[in-house]
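As a basis for the values below, the full set of heavy atoms in this structure was taken, side chains included, without hydrogen atoms, waters or symmetry mates.
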Amino acid sequence: MSIEREDVEKIARLAKLKVSGVVIEQTTQELSNILGFIDQLQAVDTQNIEPMAHPTDATQKLRADVVTESDNRASFQAIAPASEDGLYLVPKVIE
Amino acid sequence: MYNKTVSELAQGLNAGNYSSVELTRYFLDRIQTLDSKYNAFITVCEESALAEATAADARRAKGDAAPWTGIPFAHKDIFCTEGVATTCASKMLANFVPPYDATVTRKFKEAGAVCIGKTNMDEFAMGSSNESSFFGKVINPWGENLVPGGSSGGSAAALAARLIPAATATDTGGSIRQPAALCGVTGLKPTYGRVSRLGMIAFASSLDQGGPMARTAEDAAMMLNIMAGYDPLDSTSIDQNVPDYTGTLNDNLEGLRIGLPKEFFRDDLNPKMKAQIEAAVKELEKLGAKIKEVSLPHTHLSVPAYYVIAPAECSANLSRFDGVRYGYRCEHPEDLEDLYTRSRSEGFGDEVKRRIMIGTYALSAGYYDAYYRKAQQVRRLIKNDFVAAFNDVDLIAGPTTPTPAFASGSKTDDPVQMYLEDIFTISTNLAGLPAISIPAGEVNGLPVGLQLIGNYFSEARILNAAHQFQNATDWHTRTPANI
């Protein structure tokens with residue numbers, strides 16, 4: 001399956017990536033090639049085959065609902081690009 | 001000294017031939033002198049390594065040393081190490097110093113091992129040639145124009161150049177076994193869920209698995225003894241008893257049934273590779289193994305299925321990198337949208353962006369069934385092939401890679417060609433099975449890897465067969481000419 005420039009712009013927008021200028025032509029070509037390669041899958045008969053999400057079909061283990069973590073806010077926020085008074089800082093969203 | 005295995009170094013430490021501080025200093029010096037040629041390390045942690053070595057010597061003096069106490073090793077730079085930079089070879093995490101240890105990191109610390117540095121890799125473990133690292137490509141010690149394989153190419157090159165006796169690695173589609181093959185070392189990808197993924201930076205969560213890289217199967221068994229085990233903090237970790245993987249290394253191979261998948265030995269396989277792998281299989285036969293042909297008919301679909309599933313999972317996993325909580329943030333964002341988009345566009349490299357976009361597309365409205373669901377169905381067909389084959393045989397043998405190490409730059413312009421490099425390794429990730437690559441020959445003077453795939457949780461049997469092969473052959477002791 002080949003995709004168009006507009007598809008790539010849409011995918012990039014969904015993925016929060018910027019693809020622009022000459023790069024977009026090249027990206028369109030590369031993604032089309034990869035999708036063309038992946039298209040081999042369409043020829044396979046998979047009727048009645050259950051999709052496989054986990055190699056050993058394990059199910060979620062549950063634990064008792066008790067507090068296990070201590071408060072690590074300070075150490076986690078120490079590595080943030082910008083934080084203040086225990087809050088992460090981002091550009092103003094609401095004027 | 002640099003040619004000694006972990007097992008030999010442990011004996012030397014126990015006999016008092018050298019201290020851990022001396023050993024650590026020795027390997028630090030060796031890295032400092034030689035690594036400029038290979039670029040195998042992103043970070044060398046001299047200060048913390050010497051502190052850990054001092055503590056290990058004190059522990060040994062008290063008579064409470066474990067097998068790993070005082071042994072220097074390296075972590076792939078995907079394992080979080082508290083207080084030591086963990087970059088995943090990305091600009092996105094170039095300044096990331098984790099506030100916690102990965103479970104694997106913690107276990108090596110508890111054993112008293114000495115982490116001497118963090119090895120280079122493909123960015124976010126996405127690659128088969130170690131050319132996508134933000135910190136520059138890794139050079140294969142077997143030839144300066146050759147790739148070491150990827151994504152654990154730094155670990156493999158460091159072992160091949162004898163800069164370190166052991167290193168951790170991870171394998172999502174072949175990233176332990178393929179570089180091990182291309183650099184002439186031993187690498188084991190364990191069963192999915194055998195080794196905790198906590199603190200191992202996620203790429204494709206249903207495929208990622210950490211494992212050992214070493215120079216011998218015996219050392220890999222010693223490493224797996226540390227790494228394996230249930231971790232309640234990893235929801236996909238499996239609660240199953242961990243055997244002593246060194247305890248069965250010397251079992252004989254009499255009657256071991258080994259299957260050769262005809263799809264791994266097709267006519268288009270490089271004839272020199274084929275001859276080397278067939279000779280290695282003959283060697284296993286001499287050791288008592290019974291050889292028979294098996295079939296894995298869906299092998300050719302493993303690479304396309306993988307390149308839906310892995311990018312889909314990566315697009316979800318890597319959405320956490322938003323420039324807000326940690327990692328790279330762009331300069332002077334205009335607004336929140338600009339902050340997200342520019343931080344991600346400037347922080348990720350080309351291959352990572354390519355895979356995020358493929359995954360985003362495969363999961364987007366209208367395409368989910370055609371791509372993701374379809375790939376998950378094909379994934380089950382691939383698993384079923386293995387289940388059927390393991391009714392008849394104990395291990396499956398074949399080449400790890402289609403060719404020996406290839407030239408830098410030769411596949412970077414064509415992602416699909418690069419992806420096909422993993423044709424023999426990817427199906428075991430999709431099925432979740434354990435597999436090892438061991439040195440088993442040479443083509444044009446370059447190492448060739450023999451892959452042994454086992455049934456679920458049969459790491460002990462795989463390591464046993466690999467150890468017996470290494471007892472009978474000397475391929476694993478060969479070094480590049482200038483080492």
Within the 4.5 Å heavy-atom criterion, are [X] and [Y] side-chain neighbours or not?
X        : Y        : result
A:Asp39  : B:Tyr371 : yes
A:Pro81  : B:Val324 : no
A:Pro51  : B:Arg379 : no
B:Tyr361 : A:Leu14  : no
B:Arg342 : A:Leu17  : no
A:Ile38  : B:Ile358 : yes

Keeping the roles fixed (side chain from [X], backbone from [Y]), state whether a donor-acceptor pair exists under 3.5 Å.
X        : Y       : value
B:Gln377 : A:Met52 : no
B:Ser345 : A:Lys18 : yes
B:Lys353 : A:Ala12 : no
B:Arg329 : A:Ala80 : no

Test salt bridge (charged side-chain N to carboxylate O under 4.0 Å, His left out) applied to B:Arg354 - qualifying residues, sequence neighbours left out
A:Glu30, B:Glu351
Side chain, backbone, both or neither: which part of [X] has a heavy atom under 4.5 Å from chain A?
X        : value
B:Tyr419 : side chain
B:Asn95  : neither
B:Ala375 : both

May I ask you to check whether B:Ser235 and A:Lys61 show a side-chain donor-acceptor distance below 3.5 Å?
no
[X], part contacting chain B, at a heavy-atom distance under 4.5 Å:
X       : result
A:Val19 : side chain
A:Ser75 : both
A:Val44 : both
A:Phe37 : both

Atom CD1 of A:Ile49 and atom CZ of B:Arg373: how far apart are they, to the nearest 0.5 Å?
11.0 Å
Leading residue by heavy atom contact count with chain A [cutoff under 4.5 Å; candidates B:Ser315, B:Pro99, B:Gly432]:
B:Pro99
Can you name the ring-ring contact (aromatic ring centres under 6.0 Å, His included) partners of B:Tyr456, sequence neighbours left out?
none
